[in-house]
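Structure first, commentary second.
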Amino acid sequence: MSDVVSYELKGRIAVITINNPPVNALSHGVRKGMQDAFAKLNADPGADAAVLVGGGRTFIAGADIREFGKPMQEPGLHGVLDQMEASKKPIVAALHGTALGGGLEVALTCHWRVGIASLQVGLPEVKLGLLPGAGGTQRLPRLVGPKMAADMITTGNFIGAKPALENGVIDEIVAELVPGAIAFAEKVVAEKRPLRKVSELTDKVKNVDPKFFEEYRATLKKKVKGFLAPMHCLATVEAACTLPFAEGMKREAALFKELHDHPQRAAQIHIFFSEREAGKIPDIGPEVKPKEIKSAAVIGAGTMGGGIAMNFANVGIPVKILEMEQANLDRGLAVIRKNYETSVARGSTTQATIDKALSLISGTMSYDDIGDADIVIEAVFENMDIKKQVFGKLDQVMKQGAILASNTSTLDIDEIASATKRPEVVIGTHFFSPANVMKLLENVRGKDSSKETIATVMELGKKIRKVPALAGNCFGFIGNRMLHGYTREAAELLLEGAMPWDVDRVIVEFGLPMGPFQMGDLAGIDVGWRVRQGKGTPPEKHNRVADRLYEMGRYGQKTQAGYYKYDGRNATPDPVVEKLITDTSAEFGITRRKISDEEILYRCMLPLVNVGAQILDEGIAIRSSDIDVIYVYGYGYPTYRGGPMFWAEQMGLEKVLGLIRKYEQEHGSRWKPAPLLQKLVDQKKGWAAAKA
Ligand code: 3HC
Ligand code: NAI
């Protein structure tokens with residue numbers, strides 16, 4: 001047998017084991033090994049049946065994602081699955097860990113399936129911009145019916161062993177994996193059961209009301225705006241209910257190919273690997289052990305502090321929140337309670353879960369109460385003096401070894417650390433709003449942050465179910481430093497001829513959840529104004545419209561008027577704002593012009609790329625893909641475009657540079673191309689060569 005697939009007789013049952021760590025992906029060697037093993041099974045007079053099992057921590061977790069986009073090496077998965085289904089001897093899949101994608105499709109091709117209680121199964125291809133392409137779209141509906149199959153395939157969500165058993169995905173839950181599966185196979189043999197081929201089942205897929213798909217499609221379309229794969233997934237489930245198996249397989253193959261060849265697939269797979277890569281810090285090896293975080297404290301119960309505390313409670317870590325005044329503490333705790341209650345009302349969690357989480361959150365006004373926490377995260381006002389006072393106090397009260405973190409969104413971590421005598425445990429942990437929802441944790445490394453401190457907050461990110469990425473220390477770090485150019489250019493476009501709703505429409509059509517002016521109205525025009533005042537720099541032309549809105553008391557959604565007028569959350573263009581903008585253009589002697597959607601898009605998106613290149617060159621970002629991860633998980637950049645750096649590379653860095661040069665000529669030095677961009681274009685290389 002091959003290195004990665006072994007064949008061993010246990011009595012009269014052949015145990016075929018896949019050993020392709022870490023997740024037994026269906027790489028070429030595995031497919032070849034399976035082909036040989038099943039040929040041997042049918043030729044082996046000593047074997048009556050087979051058990052197929054994954055070695056190590058899991059059954060097969062899917063196709064080898066690294067092989068997508070490369071030439072396929074025979075045997076393909078389809079050939080192996082045809083061979084398995086045609087086997088004269090029964091095959092029982094023995095499932096543990098996560099049987100996902102092509103892995104579940106292999107299991108569905110076996111004649112029976114057993115699993116242990118901790119098993120999870122799913123078809124997550126949709127998250128990679130794909131659909132299950134090895135019969136999963138045709139076999140799963142035949143077992144569980146169209147509704148459950150559509151839910152699983154269009155969302156990619158997993159289910160556990162119990163629902164898998166109740167819905168017929170598996171046939172038995174066994175206490176011990178291999179012995180249980182062997183016993184099941186022996187029973188099948190002893191009872192001379194006819195081979196059960198899922199492809200031949202029809203009960204659950206016949207006579208499905210076409211209205212079901214019409215309605216499902218209408219709802220899904222609204223949910224998955226911009227993503228191509230979910231709609232294709234649904235079309236394949238519909239094919240399972242309207243076409244014979246072989247025809248359905250052809251439809252699956254055709255739609256799979258469309259997705260496979262689409263740029264969304266490349267972008268989504270880029271994000272899959274980038275997210276995992278972002279957790280790896282080149283100078284921090286496995287010898288650096290993160291500290292265990294068993295308790296936490298948060299300073300400030302405002303917008304961010306409350307959300308940060310919820311993250312700890314949600315994973316069972318007790319957390320204390322400290323405020324200066326009782327009223328602020330009470331208000332902060334009430335907001336937390338309300339957020340949890342909303343989740344229960346929406347059905348996304350249970351009362352018991354939130355009761356447990358709430359029992360782990362407590363408030364205090366005394367620093368003496370928090371000294372024994374393993375980590376403290378400061379989330380007070382964005383003001384250096386206040387933050388330094390807080391860190392001075394933390395230095396006095398926190399136990400030795402505790403991590404002292406700041407949620408600052410822009411400020412200098414080293415200056416904050418200078419307020420303590422232990423800068424090695426000071427670090428930035430930048431959450432995104434709403435902190436209990438947004439997946440990104442942008443950790444910020446100070447010049448003295450120790451490797452252990454960095455490893456601890458990276459590990460903590462995973463523990464609280466975030467996607468952690470590491471930034472260097474500079475104003476705004478990675479995410480907010482890049483955003484500055486985006487919002488500035490949007491503001492310039494208003495003066496040149498666009499309206500807020502023109503810009504927002506283009507950005508939303510591109511795939512972001514909201515445009516820069518919708519974002520401004522949500523965050524508060526007054527907040528931006530205060531930041532500008534805080535910096536003490538003279539008023540700038542491009543901020544004139546925002547300053548005027550502030551003076552008019554139009555603070556955004558909270559005053560039901562900002563760039564838009566509001567009825568609740570419903571925004572509509574406002575003639576008052578239109579006049580304000582045209583008057584401001586006139587005041588500056590600007591002749592307004594029609595600005596194309598393409599120009600709006602490039603003017604807003606290319607500053608992200610140009611500053612991203614600068615950040616990469618300075619080493620503030622370790623790799624360009626970390627920037628993509630930060631934008632996808634922190635700023636709602638569409639996953640299906642792969643992040644700003646990936647988007648730029650797909651477009652071609654030469655074209656990107658050409659546009660930036662053109663805007664430099666038209667608008668001056670703020671568009672000066674990053675030297676790295678010029679260098680890579682000269683060398684005809686991509687971002688990966690940035691460090692060369
Ligand atoms: N192919 C190649 N590599 C894979 C992989 C796959 N299907 N799944 C995981 N890996 C790699 C990861 O990149 C990572 O590599 P690294 O250590 O070098 O960074 C390593 O395996 C471990 O992965 P995780 O860090 O994600 O480990 P976890 O334990 O947190 O999660 C998992 C394990 C739940 C299996 C998760 O990795 C996962 O969701 N994997 C993807 C599953 C998937 O999407 N399957 C469908 C593939 S497409 C398909 O099957 C098409 C078919 O229909 C034809
Ligand atoms: P906020 O104004 O909602 O909350 C700050 C809280 O800190 C208030 O409740 C205040 O009473 C309390 N506070 C102030 N000084 C204090 C002190 N000395 N001791 C104890 N409590 C004190 O502010 P928000 O939005 O929560 O921001 C907090 C931090 O998070 C800032 O550094 C901000 O830049 C950062 N941040 C904010 C984001 C946002 O979208 N709001 C996003 C990411 C980071």
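Excluded from the calculations below are hydrogen atoms, water molecules and symmetry mates; all remaining heavy atoms, backbone and side chain alike, are included. Every number for a ligand or one of its atoms is a count from 1 in the order of the listing.
With no hydrogens or angles considered, no side-chain donor-acceptor pair links Gln138 and Thr236 at under 3.5 Å. Neither side chain, Asp628 nor Tyr633, offers a donor N or O lying under 3.5 Å from an acceptor on the other. Using modelled atom types and a 3.5 Å distance limit, the side chains of Asn20 and Ser27 yield a donor-acceptor pair. A donor-acceptor contact closer than 3.5 angstrom links the side chains of Gln326 and Asp330. Asn407 and His430 form no side-chain donor-acceptor contact under 3.5 Å, judged by distance and modelled atom types alone.
In this structure, Gly332 does not count as a contact residue of ligand 2, since none of its heavy atoms falls inside 4.0 Å of the ligand. Ligand 1 lies less than 4.0 angstrom from a heavy atom belonging to Arg57. Distances shorter than 4.0 angstrom do not occur between any heavy atom of Gly136 and any atom of ligand 1. By the 4.0 Å heavy-atom criterion, Glu325 is excluded from the residues contacting ligand 2. The closest approach between Val23 and ligand 1 falls below 4.0 Å for a heavy atom of the residue.
Distances below 4.0 Å separate heavy atoms of Arg331 from the following atoms of ligand 2: 9 (O). The ligand atoms of ligand 2 that sit less than 4.0 angstrom from a heavy atom of Thr408 are 32 (O). Counting atoms of ligand 2 from 1 in the listed order, those under 4.0 Å from a heavy atom of Val390 are 18 (N).
The nearest non-hydrogen atom to atom 40 (O) of ligand 2, considering only Ala435, Ser433, Gly634, Pro434, comes from Ser433. With Phe432, Phe431, Phe381 as candidates, the residue nearest to atom 14 (C) of ligand 2 on a non-hydrogen basis is Phe381.
Considering backbone and side-chain atoms together, Glu378 places no N or O closer than 3.5 Å to any N or O of ligand 2. Note: no N/O pair closer than 3.5 Å links Tyr367 and ligand 2 by distance alone. Here's the thing with His430: none of its N/O atoms is less than 3.5 angstrom from an N/O atom of ligand 2. Considering backbone and side-chain atoms alike, Ile65 places an N or O below 3.5 Å from some N or O of ligand 1. Ligand 2 has no nitrogen or oxygen under 3.5 angstrom from a nitrogen or oxygen of Ile386.
His96 has its ring centre no less than 6.0 Å from the ring centre of Phe59.
Between Lys387 and Glu382 there is a salt bridge, with a side-chain nitrogen of the basic residue lying less than 4.0 Å from a carboxylate oxygen of the acidic one. Salt-bridge formation is detected for the pair Lys558/Asp526: a Lys NZ or Arg NE/NH1/NH2 atom is positioned less than 4.0 Å from an Asp or Glu carboxylate oxygen. Ion pair Asp414/Arg445 not flagged as a salt bridge, since none of the NZ, NE, NH1 or NH2 atoms sits closer than 4.0 Å to an Asp/Glu carboxylate oxygen.
Atom 23 (O) of ligand 2 is not flagged as protein-proximal [any protein heavy atom, distance under 4.0 Å].
When non-hydrogen atoms are compared, ligand 1 lies under 4.0 Å from the side chain of Lys280 (C-beta onward) but not from its backbone.
The shortest contact between atom 35 (C) of ligand 2 and any protein heavy atom is with Asn407 O, 3.4 Å. From the protein, the heavy atom lying nearest to atom 10 (C) of ligand 2 is Glu323 OE2, 3.4 Å.
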> Going through the checks in order, is the side chain to side chain contact (heavy atoms under 4.5 Å, CB included) test met by His484 and Phe475?
Replying inline: CA-CA 11 Å; His484 179 75; Phe475 187 85; over 6 Å; no
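Ring geometry for Phe432 against Tyr635 counts as perpendicular: the plane angle is over 60°, on a 0 to 90° scale with 30° as the lower cut. A parallel orientation is assigned to the rings of Tyr555 and Tyr550, their planes being inclined by less than 30° (bins at 30° and 60°).
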